[in-house]
Amino acid sequence: MPEGHSIHRLARQFNDVFAGEKVAVSSPQGRFVDGAALLDGHTIISAFAHGKHLFVNFENDLTLNVHLGIYGAWTFGGDDQFNGASSIGAPRTIGEKERGTAEVSGEYQGAPEPKATVRTRIVSEHGWADLIGPTICRVLTPDEVRGVRAKLGPDPLNDDADPASFYRAASKTGRPIGVVLMDQKSISGVGNIFRAESLWRQKINPFRPAKELDASELEALWEDNKHLLHIGVRVGRIITTEPDDRPGIPETEAWPEHANYVYMHHGEPCRRCGSIIRVEEVAGRKLYWCPGCQH
DNA sequence: GCCCTATGTTAAA
DNA sequence: TTAACCTAGGGCT
């Protein structure tokens, strides 16, 4: 799944290729037929992301709201006037891979026959986008969009995000900070990799009650997640290691074992203190951390 | 082919 | 806390 950075890349992609375009919307799979009919034939105004939610505004005041969950993914394709044919969403290879323009070449000949699992297909004059496996795919009114966003915590990738809201939420709960970072009502866009990596980078034990962290620690977590999310948006992958820790390996080519410090590194020695990295299931998700240097 | 896993979330128990 | 849901790929037999 895609953590928040993928959704912001998606929003950017939608703005690049669909903004101002009149589109055909359909549901080859058949599970979004009614929703698609509300949008079919209308013009896309713009798209934006809040945490892991994608919102696509149409000129008829309706908004397409998609959440990819763990499995969801969008695939794009089109002609030369359709920027950046690519795939964004659930990884289909080791690590996250978002395919570049080189994968789709030659003359655009129309969208391919959709797979039976395509929940939603969007087609413009110059290209197409297919959505598979989303947790959420629905059409919202402006009021409903506000309602959904009101339940989401601040997203470090959004310029108008208020970190104080995250600090307040963390300061009043005894839940572990590792759990709070995954709670989209407290902070949105952070997922299992960013939470593990940011806690390791800030040397904070994920099991510490959130309310016991001091202001500088909460601020460090906000700023580091913001920093790491921005790298994710720029590179299209989650890269949480510092350049010095992957000598000679450009961020765009970092292998999975070079890209992260603790995520999926259980059983290996911590590169900071040598202790063996551990993994434990917490609230249904695997939490990776170093018992030696995260206090 | 079968089993497992995954960057997620919600509802039921 | 558990189950359910959404899908595809990899490793195994």
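Keep in mind that this is a model prediction, so the values were computed, not measured. Here is how names work: the chains are called A, B, and so on, in the same order as the sequence lines, proteins then strands, and each is numbered from 1.
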Write down the distance between [atom1] ([X]) and [atom2] ([N]), rounded to a whole number of angstrom.
X        : N     : atom1 : atom2 : answer
A/Ile132 : C/dG9 : CD1   : C1'   : 11 Å
A/Ile7   : B/dT9 : CD1   : C1'   : 13 Å
A/Asp183 : B/dG8 : CG    : C1'   : 13 Å
A/Phe32  : C/dT7 : CZ    : P     : 14 Å
A/Ile70  : C/dA3 : CD1   : C1'   : 14 Å
A/Arg138 : C/dC5 : CZ    : P     : 19 Å
A/Arg119 : C/dC6 : CZ    : C1'   : 7 Å
A/Leu10  : B/dT7 : CG    : P     : 18 Å

Select base, sugar-phosphate, or nothing to describe what [X] touches, counting heavy atoms under 4.0 Å on all strands.
X        : value
A/Thr135 : base
A/Arg31  : sugar-phosphate
A/Glu281 : nothing
A/Tyr263 : sugar-phosphate

Please check if any side-chain donor atom of [X] sits under 3.5 Å from a side-chain acceptor atom of [Y], or the reverse.
X        : Y        : result
A/Asn225 : A/Ser198 : yes
A/Asp155 : A/Ser188 : no
A/Gln294 : A/Asn205 : no
A/Asp214 : A/Ser216 : yes

By nearest atom, which of the nucleotides [options] is closest to the [X] side chain?
X        : options             : result
A/Lys115 : B/dA6, C/dA8, B/dG8 : C/dA8
A/Ile193 : C/dA8, B/dT7, C/dC6 : B/dT7
A/His67  : C/dC6, B/dT9, C/dA8 : B/dT9

Taking OP1 and OP2 of [N], is either one under 4.0 Å from a side-chain nitrogen or oxygen of [X]?
X        : N      : value
A/Ser6   : B/dT7  : no
A/Arg237 : B/dT7  : no
A/His5   : B/dT7  : no
A/Lys52  : B/dT7  : no
A/Arg285 : B/dT9  : no
A/Gln184 : B/dT10 : no

Would you call the rings of A/Tyr261 and A/Trp200 parallel, tilted or perpendicular, where under 30° means parallel and over 60° means perpendicular?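 A/Tyr261 vs A/Trp200 ring planes: parallel.
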
How far, in whole Å, is [M] from [N] if one measures between their [atom1] atoms?
N      : M     : atom1 : answer
B/dC4  : C/dA4 : P     : 16 Å
B/dT9  : C/dG9 : C1'   : 22 Å
B/dT10 : C/dA8 : C1'   : 23 Å
B/dA12 : C/dC6 : P     : 15 Å

I want to check a possible cation-pi pair here: A/Arg195 against A/Trp289, using under 6.0 Å from ring centre and within 45° of the ring axis as the test.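 No, A/Arg195 does not lie over the aromatic ring of A/Trp289.
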
